[in-house]
Amino acid sequence: MPINQRQVAISVTTEEEIKQLRQENEAQRQLIDTLKQTIETLKQENADVIEQLAKLSRWVYGKRSEQIRSEQGDLLEDHGVFFDPEHTGKQSDPAAPAAKMEPKKKKTKATRQ
């Protein structure tokens, strides 16, 4: 069975296409590997940021921020400071009569002559 020129041309074209597809495939595999490395790097950076955020949140909102110092405790235990009214000379005097307020006079619009 003789091979005609058309079959040879198809065979050469197919070989070139296969070679080109293999090159594209290799380039895509390299791109995939690069993207996988980028993903892993970003995952690690994300984990580091989450850890840092957790530390800062504990520092700001943790038990330490709610602790009462000894000076504060004494103030809260002395109920007289907060619950007894303060007496001064002016407050102990009988109430002064309220000042009498006069109603404001209405302004009239100036007219042109």
Side-chain angles (χ1 to χ4, degrees):
M1 212 177 196
I3 299 177
N4 64 23
Q5 290 181 348
R6 184 174 179 194
Q7 288 176 339
V8 171
I10 291 174
S11 177
V12 171
T13 305
T14 305
E15 290 296 325
E16 289 175 6
E17 288 175 350
I18 290 172
K19 186 177 180 181
Q20 183 181 3
L21 289 172
R22 284 184 178 160
Q23 290 173 347
E24 289 176 13
N25 189 12
E26 183 61 31
Q28 289 178 351
R29 285 179 193 229
Q30 290 175 356
L31 177 62
I32 289 170
D33 290 341
T34 302
L35 292 174
K36 282 181 180 179
Q37 290 174 351
T38 302
I39 289 171
E40 290 303 317
T41 302
L42 291 174
K43 281 182 179 179
Q44 183 60 44
E45 287 178 9
N46 192 21
D48 293 344
V49 168
I50 289 172
E51 182 180 343
Q52 185 178 12
L53 177 64
K55 285 180 182 179
L56 292 173
S57 294
R58 283 192 302 271
W59 185 73
V60 171
Y61 301 110
K63 285 183 180 180
R64 194 181 72 163
S65 68
E66 296 180 8
Q67 289 179 347
I68 297 176
R69 295 187 305 269
S70 61
E71 308 87 49
Q72 292 172 324
D74 293 342
L75 290 175
L76 295 175
E77 290 173 8
D78 185 11
H79 294 291
V81 173
F82 294 108
F83 298 107
D84 292 339
E86 184 176 318
H87 295 288
T88 63
K90 292 180 182 177
Q91 289 178 342
S92 298
D93 292 342
K100 192 172 188 179
M101 300 289 290
E102 293 183 24
K104 290 185 177 181
K105 294 181 180 179
K106 293 185 179 180
K107 293 183 179 179
T108 58
K109 290 187 178 181
T111 57
R112 293 186 185 190
Q113 294 180 8

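For the single chain, residues carry numbers from 1 onward in sequence order.
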Rounded to the nearest 0.5 Å, what separates atom [atom1] in [X] from atom [atom2] in [Y]?
| X | Y | atom1 | atom2 | value |
| --- | --- | --- | --- | --- |
| T38 | L42 | OG1 | CG | 6.5 Å |
| L31 | K36 | CG | NZ | 11.5 Å |
| E17 | K19 | CD | NZ | 13.5 Å |
| L53 | E51 | CG | CD | 11.0 Å |
| N25 | I18 | CG | CD1 | 12.5 Å |
| T41 | N46 | OG1 | CG | 12.5 Å |

Quick one: do E26 and R22 make a salt bridge, cutoff under 4.0 Å?
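Answer for the salt bridge query: no.
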
Side chains of Q44 and D48 only: does a donor on one sit below 3.5 Å from an acceptor on the other?
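A pair is found: one side chain offers a donor N or O, the other an acceptor, under 3.5 Å apart.
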
